[in-house]
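Reminder, nothing fancy here: chain letters follow the sequence lines and each chain counts from 1.
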Amino acid sequence: MRWTQTLVPTLKESPAEAEILSHKLLLRAGLIRRLAGGVYTFLPLGLRALRKVEQIVREEMDRAGAIEVLMPALQPVEIWQQSGRYRTAAEVLYKLRDRAHKDWVLGPTHEEVITLLVAAEVNSYRQLPKNFYQIQVKFRDEIRPRFGLMRAREFIMKDAYSFDVSDAAAQISYQKMYDAYARIFARCGLKTFAVEADTGVIGGSFSHEFMVPAETGENEVVYCDGCGYAANIERAESAVGRSPAGAAVNPSAETPQPEKFPTPGVVTIEALAAPPYSVAAARQIKTLVYLVESKPVIVLLRGDDQLNEAKFASRLGTGTFRPATAEEIFEWMGAHPGSLGAVTTTRRRADIPVWADTRLRGERDMTTGANEDGFHLRHVDVARDIRVDQWADLRTVQTGEPCARCSQPLKTRRAIEVGHVFKLGTKYSEALGAEFLDESGARHPCVMGCYGIGVTRTLQAVIEQSNDKDGIIWPMSVAPYQVCLTPLNVAPQSAAMQLAERLYAELTAAGVEVILDDRDERPGVKFKDADLVGFPLRVNLGEKSLARGEVEIKPRTGAAMSVKQDEALARVVALVRDGLAALGNAPRG
RNA sequence: CGGGGCGUAGCGUAGCCCGGCUAGCGCGCUUGCUUGGGGUGCAAGAGGUCGCGGGUUCAAAUCCCGCCGCCCCGACCA
């Protein structure tokens with residue numbers, strides 16, 4: 001491709017719409033342009049890089065035995081009602097109505113479609129296992145699209161769905177995808193790590209997310225250098241709360257009975273921790289009230305802990321809950337937030353279920369609200385004074401807590417989620433009738449798994465992870481072009497241009513992807529643009545080198561190499577090949 | 001949806017508080033000369049419903065009201 005014949009609208013300054021580096025570079029390098037919030041056009045070079053990622057994904061999915069299909073983005077609303085997700089996923093669904101007033105949705109994911117397909121077309125254990133995948137546009141009415149391609153309303157996803165005869169067989173399918181994902185990201189030049197993940201509303205029993213470490217990532221990951229444990233903070237556990245000090249202690253006669261004391265104006269943990277009260281946060285019980293599927297639930301945590309809503313949702317089995325409003329709380333509890341407590345004798349409503357974090361188990365001499373504005377209770381013995389209906393790990397792990405496995409201090413870091421693998425179980429196969437007959441003619445639901453890669457997000461993650469002050473540094477495998485030929489004189493009869501034309505033809509014939517910068521621009525302009533876009537190799541053809549019978553090969557990172565003109569072809573071909581091989585990408589052909 | 005910020009030419013911005021504009025600057029763009037190995041210099045140009053609608057006023061980019069859009073923090077997620 002010749003630079004003047006494509007469109008590479010580079011920018012010297014970052015548009016104000018971009019906040020994070022990768023988003024700025026996507027715009028500045030002329031790879032994408034915004035049409036609306038979370039909706040982007042891929043310009044020629046951005047599209048080439050995207051296709052590279054897609055092809056790597058495709059090759060590895062094929063290698064893992066998955067079968068490519070293409071399902072409709074436009075889906076009848078009925079299948080979403082059938083799976084039950086028309087309600088549970090309602091917020092993200094783009095809904096539309098046709099001229100006959102029939103309702104449709106734009107698919108945010110494809111469990112329904114694929115499961116119905118399998119229900120119709122797969123009947124026997126002999127046809128299993130099967131794993132279907134597609135690379136396709138998804139539509140999600142995101143609450144807040146952001147960071148360019150990172151969280152978009154319309155984005156490209158590779159999604160795969162496995163169907164097996166048993167849980168054990170499903171585990172094998174899961175492992176194949178897990179391994180394929182590791183290869184895919186490695187081939188894209190991405191450093192990723194897998195973490196245990198929350199299964200969220202999609203449901204299922206077991207899942208891992210593939211994470212790219214990045215300060216701008218939207219996820220927080222807890223990990224242990226000692227044993228390799230890593231988990232999304234939504235799921236992470238530590239040794240804290242597992243064997244609480246007072247767990248084995250009987251309700252104590254030594255602890256005095258709860259005693260009410262006045263605390264005018266004190267409505268926060270911090271205020272009660274400050275003088276004159278000086279009750280350490282760790283000695284307080286935090287009382288939260290949630291509205292779970294329209295019913296009140298009390299949640300208790302130690303004063304210095306934070307509720308982990310993902311864990312709470314997981315234990316509740318529903319994501320339909322929210323903190324109660326101050327008015328609702330006053331009606332049920334008889335006090336306002338800040339003065340709440342769950343001590344049995346001061347509770348107005350005994351019918352509201354109480355959930356408590358396991359860290360509170362056995363704690364004595366705690367302080368909590370008295371369910372009366374302006375008063376707290378001291379000397380509270382959790383086992384003696386509070387009727388807990390459900391004990392659960394509900395707290396958010398904090399940096400430095402001992403690892404549950406090896407006791408080393410846990411660390412946290414931020415990361416971008418680029419892939420997610422789930423064991424789904426039979427939730428969808430049962431709801432949508434994807435069943436098979438076994439050897440004895442008995443009918444069973446398929447055991448499913450689902451596996452997603454954010455293809456467009458992966459592309460941006462590569463940029464977020466691989467750049468410098470001059471611009472993007474593309475890994476050889478996903479670069480829009482592998483080589484940028486840069487003649488410093490573009491007059492058709494100039495030696496530089498003539499050699500450039502010859503190399504362009506030869507490199508292209510050798511399977512190298514080349515862009516020829518045939519713009520009549522000053523060298524500095526061309527160099528800056530090539531660095532900004534981030535081509536792995538640049539070949540400079542200028543008078544100084546040509547006079548010595550040489551050309552200059554400039555890797556995007558690293559020093560320029562002068563090579564004889566007749567060696568240039570072989571050197572470039574070798575550098576491209578080596579660059580690909582270093583990332584585990586097989587040579588062409 | 002709640003909280004915060006911002007909308008002035010393709011991009012980045014000044015002006016807004018304290019109404020008085022023929023709306024300024026840099027980049028980019030066009031033309032000519034110049035330069036020619038890291039965003040060359042000079043000159044001449046083109047390009048603006050100051051987000052949209054209403055109001056106040058002799059007068060609105062500037063003040064007031066409403067709407068729209070964009071960005072950031074939170075819930076959601078590949």
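Comparing B:rU22 with B:rC18, their P atoms are spaced 22 Å from each other, to the whole Å. As rounded to the nearest Å, B:rA78 and B:rG39 have P atoms that lie 46 Å from one another. Comparing the C1' positions of B:rG51 and B:rA60 gives a spacing of 16 Å, expressed to the nearest Å. Between B:rG20 and B:rG26, the distance separating the two C1' atoms is 27 Å to the nearest Å. Annotation: B:rC50 and B:rC6 have their C1' atoms spaced 14 Å apart (nearest Å). On the P atoms, B:rA43 is 48 Å away from B:rC68, given to the nearest whole Å. With both ends at atom C1', the span from B:rG48 to B:rU8 equals 8 Å, rounded to whole Å. Rounded to a whole angstrom, the distance from the C1' atom of B:rC63 to that of B:rC25 is 26 Å.
Using a 4.0 Å heavy-atom distance criterion, A:Val418 is classed as a sugar-phosphate-only contact. At a threshold of 4.0 angstrom between heavy atoms, the contacts of A:Gly454 include nucleobase atoms, whether or not backbone atoms are also involved. Residue contacts shown for A:Glu543 include a base, since a base heavy atom lies under 4.0 Å away. When heavy atoms are screened at a 4.0 angstrom cut-off, A:Gly419 is found touching the sugar-phosphate backbone but no base atom. Nucleic acid contact class of A:Asp159 (heavy atoms, under 4.0 Å, all strands): none. When heavy atoms are screened at a 4.0 angstrom cut-off, A:Asn489 is found touching no nucleic acid atom at all. Note on A:Arg33: nothing from the nucleic acid sits closer than 4.0 angstrom, heavy atoms only. Using a 4.0 Å heavy-atom distance criterion, A:Glu142 is classed as a base contact. Within the nucleic acid shown, A:Glu209 has no heavy atom closer than 4.0 Å to any nucleic acid atom. A:Arg34 comes within contact range of the sugar-phosphate backbone alone, with a heavy-atom separation under 4.0 Å but no base atom that close.
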I'd like to know whether A:Tyr178 forms a ring-ring contact (aromatic ring centres under 6.0 Å, His included) with A:Phe210, so could you lay out the CA-CA distance, the side-chain angles of the two residues, the decisive distance to 0.1 Å, and finally the verdict. CA-CA 9 Å; A:Tyr178 184 103; A:Phe210 284 78; 5.2 Å; yes
CA sep, side-chain torsions, deciding dist, call: A:Tyr451, A:Lys176, side-chain hydrogen bond (donor to acceptor under 3.5 Å, both in side chains): CA-CA 11 Å; A:Tyr451 316 94; A:Lys176 280 185 183 173; over 6 Å; no
For the pair A:Thr10 and A:Lys528, evaluate side chain to side chain contact (heavy atoms under 4.5 Å, CB included) and give the outcome as yes or no after the intermediate values. CA-CA 10 Å; A:Thr10 57; A:Lys528 286 287 185 189; over 6 Å; no
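One finds a side-chain N or O of A:Arg522 lying less than 4.0 angstrom from the OP1 or OP2 phosphate oxygen of B:rU40. A:Lys158 has no side-chain polar atom (N or O) that falls below the 4.0 Å cut-off from OP1 or OP2 of B:rA78. For A:Arg146, a side-chain nitrogen or oxygen approaches OP1 or OP2 of B:rC73 to under 4.0 Å.
One can place NZ of A:Lys12 at 15 Å from P of B:rG38, the figure rounded to the nearest angstrom. Atom CZ in A:Arg556 sits roughly 13 Å away from atom C1' in B:rG38 (whole-Å rounding). In this structure, CD of A:Gln136 is placed 15 Å from P of B:rA78, rounded to the nearest angstrom. The interatomic distance linking A:Leu93 (CG) with B:rC76 (P) rounds to 16 Å, in whole Å. Here the P atom of nucleotide B:rG37 and the CG atom of A:Leu546 are 13 Å apart, to the nearest Å. We find that CZ of A:Arg28 is positioned 13 Å from P of B:rG28, with the value rounded to whole Å. Counting to the nearest Å, the P atom of B:rC77 and the CD atom of A:Glu218 are 12 Å from each other. Taking atom CG on A:Asp529 and atom C1' on B:rG28, their separation rounds to 12 Å, with Å as the unit.
Contact of A:Asp520 with B:rG36 (side chain to base): a donor-acceptor pair of N or O atoms is detected under 3.5 Å. Side chain A:Asp531 to base B:rG38: a donor-acceptor pair is found below 3.5 Å. If you check distances only, the side chain of A:Arg144 never reaches the base of B:rG2 with a donor-acceptor pair under 3.5 Å.
Under 3.5 Å, the side chains of A:Glu234 and A:Asn308 contain no donor-acceptor pair of N or O atoms.
Taking every side-chain heavy atom of A:Glu234 into account, B:rC77 is the closest of B:rC73, B:rC71, B:rC77. Residue A:Ile143 has its side chain nearest to B:rA75 when only B:rC72, B:rA75, B:rA78 are considered. Among B:rC77, B:rA78, B:rG38, the nucleotide with an atom closest to any side-chain atom of A:Thr456 is B:rA78. For A:Arg151, the listed nucleotide lying nearest its side chain is B:rC76; candidates were B:rC76, B:rC70, B:rG38.
Here B:rA60 sits opposite no nucleotide as a Watson-Crick or G-U wobble pair (both hydrogen-bonding atom distances under 3.5 Å). Pair assignment for B:rG69: B:rC6, on the basis of Watson-Crick or G-U wobble contacts that are both within less than 3.5 Å. Base pairing of B:rC29 is made with B:rG45, judged by Watson-Crick or G-U wobble geometry with both donor-acceptor distances under 3.5 Å. Pair check for B:rG19 finds none; no Watson-Crick or G-U wobble contact set falls under 3.5 Å.
Look at B:rC21: its glycosidic torsion is within 90° of 0, and that puts it in the syn range.
The closest side-chain heavy-atom distance from A:Glu417 to A:Glu218 is not below 4.5 Å. Inter-residue side-chain proximity for A:Leu25 and A:Leu532 is flagged as met; some heavy-atom pair is nearer than 4.5 Å. Looking at A:Gln482 and A:Trp474, their side chains never come closer than 4.5 Å, going by heavy atoms from C-beta outward. In this structure, A:Leu503 and A:Leu541 have side chains that are in contact, with non-hydrogen atoms separated by less than 4.5 Å. In this structure, the side chains of A:Arg457 and A:Arg151 come closer than 4.5 Å at one or more pairs of heavy atoms.
Remark on RNA chain B: of its neighbouring residues A:Arg457 and A:Phe147, the 5'-side contact belongs to A:Phe147, judged by nearest-heavy-atom nucleotide. With RNA chain B read from its 5' end, the first of the two nearest nucleotides for A:Glu552 and A:Ile156 is the one closest to A:Glu552.
The aromatic ring of A:Phe527 is not stacked on the base of B:rG39, since the criterion of ring centres less than 5.5 Å apart with planes inclined by under 30° is not met.
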Once base and sugar-phosphate atoms are separated, protein heavy atoms under 4.0 Å mark nucleotides 6-13 of chain B, 5' to 3', with B, S and - as -----BSS
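If you run salt bridge (Lys or Arg N to Asp or Glu O under 4.0 Å) between A:Asp531 and each of A:Arg28, A:Arg538, A:Lys526, only A:Arg538 comes through.
Geometrically, A:Arg2 engages A:Tyr504 in a cation-pi contact defined by less than 6.0 Å to the ring centre and at most 45° from the axis.
Salt-bridge annotation for A:Glu111 and A:Lys427: absent, with no side-chain N of the basic residue lying under 4.0 Å from a carboxylate O of the acidic one.
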